[in-house]
Enquirer: 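A single structure is presented below for examination.
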Amino acid sequence: MLAVILSRLARMVVVMVGISVITFLIFFATPGADPAARIAGRNAAPETVTAVRHDFGLDRPIWVQYGVMMRKMFVTGDLTSFVNRGQKIVPTLTAAAPVTLSLVAGAAVLWMALGAATGIIAAAFKDRLPDKILMGVSMMAVAMPVFWVGEMVNLVTQSRLHDTWAFSWVPPLGYVPLSESPARWFLALIFPWITLSFLYIGLYGRMLRTGIIETYQEDYIRTARAKGLTARRVLLKHATRAAIIPVVIMFGMDFGVLVGGAAVLTEVVFGLNGVGRLTYQALKVLDLPMIMAAVLYASFFVVLANAVVDLLCILIDPRLRRK
Amino acid sequence: MTTDQPETGSMPPADAAGGALPPPAGPWRRALQGLASSRTAVLSGLGLVLIVLATVLAPVYAKHVAQTDPFRSGLSAKIMIDGKRSPVMERSTEGLGLGVTPIGPTWGPKYFLGADTQGRDVAARLLYGGQNSLVIAGAATLLCLVCAAVIGIVAGYAGGRVDTVLSNLIDMIWAFPVYLLAISLSIVMLGKTFEIGPIHISSSSLVVPIIIIGLVYVPYVARPVRGRVIAITNSDFVLAARGLGIRPSRILWRHILPNVATTLIVFAPMLMALNIVTESSLSFLSVGVQAPNASWGTILQDGQALLYSRPVVSMAPGIAIMVTVMLLNLFGDVLRDILDPKSVRGR
Amino acid sequence: MITKLTPARPGRWAATVATIALLAGLAPGFAAAQDAHRGGTLRLVSVSSQGTLDPHVNYTSQFWQLYAFLYDGLVGFKKVGGPESKEVVADLAAALPEVSNDGKTYTFTLRKGVKFSNGKEMTTDDVVASFQRIFKVLGPTAGTFYNGIVGADQCLAAPADCTLAGGIVADKAAGTVTINLVAPDPEFLFKLSAPHASILPAETTAKDNGNAPIPGTGAYMVKSYDPNNSMVIVRNPAFSEWSKDAQPEGHVDEIDYTFGGTEEAAVNAILNGQADWMFDQPPADRLAELSTAAPDQIHLAPLSAWWYAPMNVNLAPFNDVRVRQALNYAIDRDALVSLFGGPALAQPVCQVLPPEFPGHVDQCQYTLDPGDSWSAPDMDKAMQLVEESGTKGEKVTIVTEDNAASRGIGTYLQSVLSDLGYEAAVQTISGDIQFTYIQNTNNKVQLSISQWYADYPAASNFLNVLFGCDSFHPGSDASINIAGFCDKGIDDRMKAAIALGATDPAAADAEWAKIDGAVMEAAPALPLFTPKQVDLLSTRVGNYAFSNQYHWLIANAWVQ
C-alpha cells in the first residue's frame with residue numbers, strides 16, 4: 001500500500017513539474033507577455049519600465065526566475081502577483097478555494113444523484129417514451145453552453161420574474177460563507193448548483209444508460225435473471241454496479257478539473273469569486289505567478305482525483321486490477 | 001466473459017462474433033448492413049445530410065433569398081417592412097433614447113432571424129457558420145476519438161511503464177491551461193504565416209483550432225477506454241485466447257476494438273456538442289474562425305451581447321447545435337447497438 | 001469654452017482664494033442644513049478590482065475615483081460637479097502657491113492641524129518624503145509628470161537614493177514647502193493635483209504598498225481590501241472639514257465596494273435595489289430597456305476622452321498619408337456611434353481634442369462637406385486617394401481588445417477596408433495585453449483600436465502625449481505614441497504652445513486648435529467618437545455630481 005501511495009506521489013510531482021515548466025515556457029514565448037510595461041503603468045517613461053523590470057527580477061535568466069518563483073511559492077510562501085501587487089498568491093488561492101469547493105461539491109451531489117436516476121430510468125424503459133424524453137433532455141443539456149444557461153437563469157430569477165412569488169426568495173448573486181450562515185449559503189448556491197450540474201446530468205445519464213444496457217447482455221446478468229432474481233434487483237444491484245465504472249472514471253476527471261478552476265463560467269455568471277474566476281482573470285492579464293499557482297493547484301486535484309478513482313474502480317470491479 | 005455463447009463461457013473466441021446470424025460477417029460489415037435496415041438510422045442520417053446540404057447552400061441563400069453579404073457590416077442598412085423603409089439598427093427614441101437594437105426576426109426572406117450587432121443577417125450567417133462549425137467540430141471529434149482510442153488501448157493493453165507514461169501524459173493534458181495556450185497562440189500567430197516544411201499555416205487556418213480542440217478532450221475519452229481495455233484484457237476469454245497462442249492483432253481487432261468502438265460512439269455526439277462550444281471560446285480569442293467569418297460558436301458569442309434584447313440570436317445557433325447533436329446521437333445509438341457484440345441477441 | 005486656470009493669472013487666483021474663504025466661512029451652516037442626509041451605507045459593485053491600493057502607483061480611473069475622498073495633495077481639483085471641476089484649489093496647502101522665479105519656483109504654506117487617519121499630524125516632513133516616494137516606488141508618472149522637478153534626473157536614474165535635493169525644500173518652522181522646477185511648467189499644478197502626488201505619512205515604506213491601506217488625510221479611509229472580493233471604506237476619525245471644495249465631509253458613513261460577477265448581474269442588482277451603483281458601463285443591450293424603465297436612475301456625463309484607431313505611420317500601407325486620409329474619409333462615424341449605443345452615448349468626432357476641452361474648436365476635415373462637424377462619409381474621395389496611393393490589395397490586420405465595443409469597431413473597420421480594396425483581417429487580444437502590445441514597434445501592428453482619457457484638462461495631455469516625438473520609443477512596450485507619428489515641425493509647435501501657455505493661455509489654446517488641425521491633416525489616427533459616461537444609480541441615492549476629473553463624486557452623494 002505504501003508503495004502504491006509513494007508511486008502515486010511521484011507521479012503527482014512529475015505531472016506538476018511538467019505542467020509548470022510548460023506553462024512557464026509558453027508565457028515567455030508569447031510576444032507582449034512581458035509584464036514590465038503593464039506594471040509600470042500607461043505612459044511610463046522608459047527608465048521607469050527598465051527599473052520595474054529589474055525590480056521584479058524579469059531581466060534575469062528564465063531558469064533563475066523559475067527557481068525563484070517555485071521557492072517563493074512552496075518554501076517562503078510570499079509569492080506576489082504581477083498585477084495586483086502586494087497580493088500574496090497563496091493566501092488568495094486558499095481564500096477562494098472554499099467557494100469553488102462549495103459550488104463543485106454541491107453540484108457533484110446533484111449531478112451524481114440525478115445522472116444516476118436518469119440513466120437507470122432510461123435503461124429500464126429502453127426505447128420507450130420515458131427513455132426517449134430523458135435522452136432528449138440530456139442531449140439538450142450537453143448542447144447548451146453553460147454561460148448561456150447561467151445568463152438565462154439570471155434573466156429569469158434576477159430580472160424578469162424577480163418580483164413574482166416564484167423567485168422573490170432568490171438572494172442577490174454572490175457567495176455567503178458556510179460558517180456565516182448555512183441557510184443563506186445554501187440559498188445562494190441553489191441556482192449555481194443546478195446550472196453547473198445540468199451538463200453533467202446529461203453526460204452521466206447517457207453514459208450510465210449505455211453501460212447498463214450493455215452489461216444487461218453480460219453472462220452473469222443473464223445468470224442472475226435465470227436464477228429468478230427480479231428485474232429491478234438485477235438492474236440495481238448487478239447491472240448498475242458494473243456500468244458505473246466509466247461514470248466513476250469520468251467523475252474523477254470532472255471533479256478534479258472543476259475544483260481546480262474549470263467551473264469558471266458558472267462562477268463568473270453567478271458572482272462567485274472562486275478559483276476559476278481567479279485563474280481566468282490571471283490569464284486575461286497574463287499574471288504569471290497567479291497562473292502558475294492556479295495551474296499547479298488544478299493539476300494537484302486532477303492527479304489526486306484520478307488516483308482515488310483508480311482505487312475505487314478496483315474496489316467496484318476487481319477485473320480492473322492488473323494481473 | 002464477453003462472448004456470444006453464454007452456455008460455454010470459456011470457449012475460444014474464434015467464431016465469437018459469428019453466432020447464429022447467417023453470414024459469418026465481422027462486426028464491421030454487420031454494422032453497415034444493420035444501419036441500412038434501421039429506420040431510425042436512415043432517418044437521422046438523412047437529417048444530417050440535410051443539415052450539411054443546407055450549410056453548403058449558404059451562398060445561394062445569402063445571394064438569392066436574403067440578398068445580403070453576411071460578412072459585411074450593415075450598420076446603416078435599411079429594410080422595407082410593411083411598405084416602410086426602416087433601419088436595421090433601430091435607435092431607441094423613447095425615454096432617454098439610449099441604446100441601439102438590431103432588428104428582430106422578420107420571418108420573411110430578408111432578416112428571417114433578425115440582425116446581429118453589426119446589422120448582418122443572422123439566418124445567412126447561421127448557414128455559413130454551420131460549414132465552419134461542422135468542419136472544425138467534426139474533424140476535432142474524429143481526431144479526439146482516434147487519439148483517445150490509440151492512447152487508451154496502448155496504455156490499457158501494454159500496461160507497465162508504457163501505461164504510467166501515458167497516464168501521466170493524460171493527466172497533464174487534462175490539467176493543462178488551454179486558455180493560456182490559446183492566448184499565446186493568438187498573439188504568436190497574429191498576422192503571420194507559419195511554414196513547417198510544405199505546410200503553410202496562417203492565423204485564419206482552421207488546422208490550429210482543430211488540433212487544440214481535438215486534444216482538449218482526449219483524456220476524457222482515453223481514460224474510460226483504458227479502463228475498458230484493461231477489463232477486457234483481463235477477462236477469461238482473452239486470457240484463454242492468449243494461452244492458445246492467438247495473435248495479439250487478432251485479439252485486438254475482434255474483441256478489443258469493437259468493445260472500444262461502442263464507448264467511442266457514445267462519446268462522439270457529446271464531444272461534437274462540447275467541441276462546437278469550445279470552438280466559440282477559441283474564436284473569441286481569434287484562434288480559428290476570424291471575424292467577419294462565422295461559426296455557430298461565434299454567433300452564440302455575438303448573441304450573448306443581445307441576450308436581453310434579441311435572445312433569438314443566441315438561441316438560433318443553440319438550436320442548430322442541439323438538432324445536429326441529437327441526430328448524431330440517434331444515428332450513433334443504432335450503430336452502437338449493432339456493433340456491440342453482446343447486444344445482438346439481446347434484442 | 002472653459003478657460004483653464006494657470007498660475008500666471010494672479011487675478012483669478014485671488015478670486016478663487018476669496019471664494020474658498022467665503023465657502024469655508026459658510027461651511028458650518030451648510031453642514032447643519034444637510035445633517036438629515038448624513039449616515040447610511042453606499043453599496044458599489046464592479047466586475048473586478050484594479051490592483052494595488054497605493055495612490056502613488058495605481059493609475060486607473062476606478063481607484064482614482066476613490067482617492068478623491070481618501071487622499072489629498074498640496075492642491076487638488078475642486079470636488080464639485082460640472083465645469084468647475086476642472087479648477088485647481090488649495091488642498092493641504094492653505095492657499096494656492098506663490099509662483100516666482102519666472103514660473104520655476106512654487107511656494108506652498110501648509111494647513112495646520114490636518115491629521116492622517118492614524119492620528120498623526122501632517123507636517124512638511126511628510127510632504128518631502130511623499131515626493132521622494134513617487135520616485136522610490138517607480139511611480140508610473142514619475143518620469144512623465146514629475147521629471148521637471150530639480151533633482152528628478154538623479155531620482156529616475158537611482159530611485160532608491162532619491163532625495164530631490166534642491167527640488168523640494170521644506171521650512172518646518174514656517175510650515176512652508178518650496179518646489180523648484182528646471183523649467184516653467186504651466187501644467188504643474190494639474191500634475192500636483194493627480195493622486196500620484198498625494199501626501200502620505202513620512203514613515204510609509206518606500207515600496208509599492210500593495211493591498212495594505214496607507215493612512216491618508218481624506219474624509220474616508222480604507223478599512224479592508226481584498227482585491228478578489230471587496231473593499232470596505234469608513235469615515236476617517238481624524239478628519240474635520242477644512243475646505244468643502246478641496247475635501248468635503250461625506251454624507252454616508254460607510255462605502256462597501258464588491259468585486260465580481262458580470263455587468264448584466266450588476267444592472268439587475270441595482271434595479272432590484274441590492275446595489276447602489278456599478279463601476280462598469282451597463283451592457284449595450286440593456287440600455288434601451290433602462291432608458292424607458294429607469295430614466296431617473298441614469299445619469300449621463302460627457303467624458304474628456306476619445307476612442308481612436310491609431311494607424312502606424314511607419315508601416316505599409318499607412319506610411320502613405322493618402323491611405324490614412326482615405327480611411328478617415330471612408331468611415332461612417334454614425335455607424336460607429338451605433339456600435340457604442342447611439343447618439344445619446346457617443347458623439348462622432350474627426351479631431352483629437354474632445355468637445356469642451358481646452359483648445360477645442362469644432363473642425364472636421366474628413367466629411368462630405370468639410371467644415372465644423374461630421375455629416376457623412378465621402379467614399380468617392382476615399383477611393384480616389386487609395387487609387388492614387390497604389391496600395392490596393394495590401395494586407396491590413398486590425399488589432400482589437402476582447403470587449404464587445406472594440407471587437408465591433410474592428411469588425412466594422414474590416415468591412416470598410418475591404419470596400420476600399422484591402423485584404424483586411426481582425427485579430428483580438430485580451431484587453432490588458434493589447435494595450436502594451438500595440439505600442440511596441442517590434443510587434444508591427446498596422447491598425448489598432450484604443451482609447452485615451454485625459455489625466456488633466458490641458459490640450460498637451462492629448463496632442464503632445466499621443467503624437468509627440470517624446471512619447472515615441474521604438475522597441476518599447478511603453479510607447480504611447482502608438483501611431484509612431486513624429487513630425488518635427490508639429491512637435492516644435494507643440495513645445496512652443498506648452499511654453500506659451502505659461503504666459504498667454506488664450507493664445508496657447510488658439511494655437512492648440514491649429515495644431516489639432518495640423519495633426520489631423522497628417523492623419524496618424526482615425527478619430528472615432530467621444531464617449532459619454534453612463535452612471536446607473538439605485539433609487540435611494542441622491543445628490544449626484546459628476547466631476548470631469550474624478551467622475552461621479554461618491555462622497556458628495558447621500559443615501560437617505
Side-chain angles (χ1 to χ4, degrees), chain A residues 30-52 54-55 80-81 83-88 92-93 95-96 99 147 150-151 154-155 157-159 162-163 170-175 267-274 277-278 281 283-287, chain C residues 45 47-54 57-59 138-144 147 156-157 159 207-212 226-229 258-262 264-265 267-269 271-272 274-275 402 429-437 439-440 442-443 455 465 471 473 476-480:
Chain A
T30 308
D34 181 0
R38 286 196 293 282
I39 295 171
R42 65 172 188 172
N43 192 20
E47 302 95 301
T48 310
V49 178
T50 315
V52 165
H54 180 74
D55 195 40
T80 53
S81 158
V83 178
N84 282 302
R85 271 178 294 169
Q87 179 175 25
K88 291 220 167 54
T92 308
L93 204 60
V99 182
F147 61 77
E151 287 288 7
N154 278 344
L155 175 80
T157 63
Q158 296 287 342
S159 178
H162 181 72
D163 294 327
V170 181
L173 300 180
Y175 178 73
E267 289 180 11
V268 171
V269 169
F270 291 102
L272 304 168
N273 297 345
R277 178 177 170 276
L278 206 59
Q281 294 220 316
L283 281 167
K284 269 185 72 130
V285 295
L286 288 184
D287 182 5
Chain C
V45 291
V47 167
S48 62
S49 58
Q50 286 294 342
T52 173
L53 208 49
D54 196 321
V57 181
N58 195 297
Y59 200 0
L138 310 173
T141 50
T144 44
N147 53 346
L156 284 170
K207 271 265 171 206
D208 179 352
N209 227 43
N211 301 337
D226 172 359
N228 197 34
N229 250 319
T258 327
F259 311 115
T262 62
E264 299 280 7
V267 171
N268 290 339
L271 293 182
N272 294 340
Q274 296 154 346
D402 63 352
I429 302 184
S430 177
D432 304 78
I433 306 163
Q434 191 250 14
F435 185 62
T436 46
Y437 185 86
Q439 293 183 43
N440 197 325
N442 294 341
N443 296 329
D455 294 305
V465 167
S471 33
H473 307 289
S476 166
D477 276 351
S479 170
I480 194 63

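A note on names: the letters A, B, ... follow the listed sequences, proteins ahead of strands, and every chain is numbered from 1.
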Enquirer: Using a strict 4.0 Å threshold on nitrogen-to-oxygen distance, state whether C:Asp402 and A:Lys284 make a salt bridge.
Expert: yes

Enquirer: Is the shortest heavy-atom distance from the side chain of A:Lys88 to the side chain of C:Asn211 under 4.5 Å?
Expert: no

Enquirer: Check each of C:Ile433, C:Asn440, C:Asp477, C:Thr436 against A:Asp34 using the side chain to side chain contact (heavy atoms under 4.5 Å, CB included) test, and report the only one that passes.
Expert: C:Asp477

Enquirer: Okay, side chain of A:Asn273, backbone of C:Asn228: is any donor-acceptor separation there less than 3.5 Å?
Expert: yes

Enquirer: By a 4.5 Å heavy-atom criterion (distance strictly below it), what part of A:Glu151 contacts chain C: side chain, backbone, both, or neither?
Expert: side chain

Enquirer: How long is the span from the OG1 atom in C:Thr262 to the CG atom in A:Asn154, to the nearest 0.5 Å?
Expert: 6.5 Å

Enquirer: Check whether C:Asn443 gets within reach of chain A through its side chain, its backbone, both or neither, counting any heavy atom under 4.5 Å.
Expert: side chain

Enquirer: Would you mind checking which part of A:Glu47 comes under 4.5 Å of any heavy atom in chain C, side chain (CB onward), backbone (N, CA, C, O), both or neither?
Expert: side chain

Enquirer: Can you tell which part of A:Arg38 gets under 4.5 Å to a heavy atom of chain C, answering side chain, backbone, both or neither?
Expert: both

Enquirer: Using side-chain heavy atoms (C-beta onward) and a distance below 4.5 Å, is A:Asp55 in contact with C:Lys207?
Expert: yes

Enquirer: Name the region of A:Ala51, side chain, backbone, both or neither, that has any atom closer than 4.5 Å to a heavy atom of chain C.
Expert: both

Enquirer: By a 4.5 Å heavy-atom criterion (distance strictly below it), what part of A:Val52 contacts chain C: side chain, backbone, both, or neither?
Expert: both

Enquirer: Looking at side-chain heavy atoms only, is the closest gap between C:Gln274 and A:Gln158 below 4.5 Å?
Expert: yes

Enquirer: What part of C:Gln50 gets within 4.5 angstrom of chain A, counting heavy atoms only: side chain, backbone, both, or neither?
Expert: backbone

Enquirer: Give the member of A:Gly271, A:Ala36, A:Ala40 that has the highest number of heavy-atom pairs under 4.5 Å with chain C.
Expert: A:Ala40

Enquirer: Among A:Ile39, A:Thr48, A:Thr50, which residue satisfies the side chain to side chain contact (heavy atoms under 4.5 Å, CB included) criterion with C:Leu138?
Expert: A:Thr48

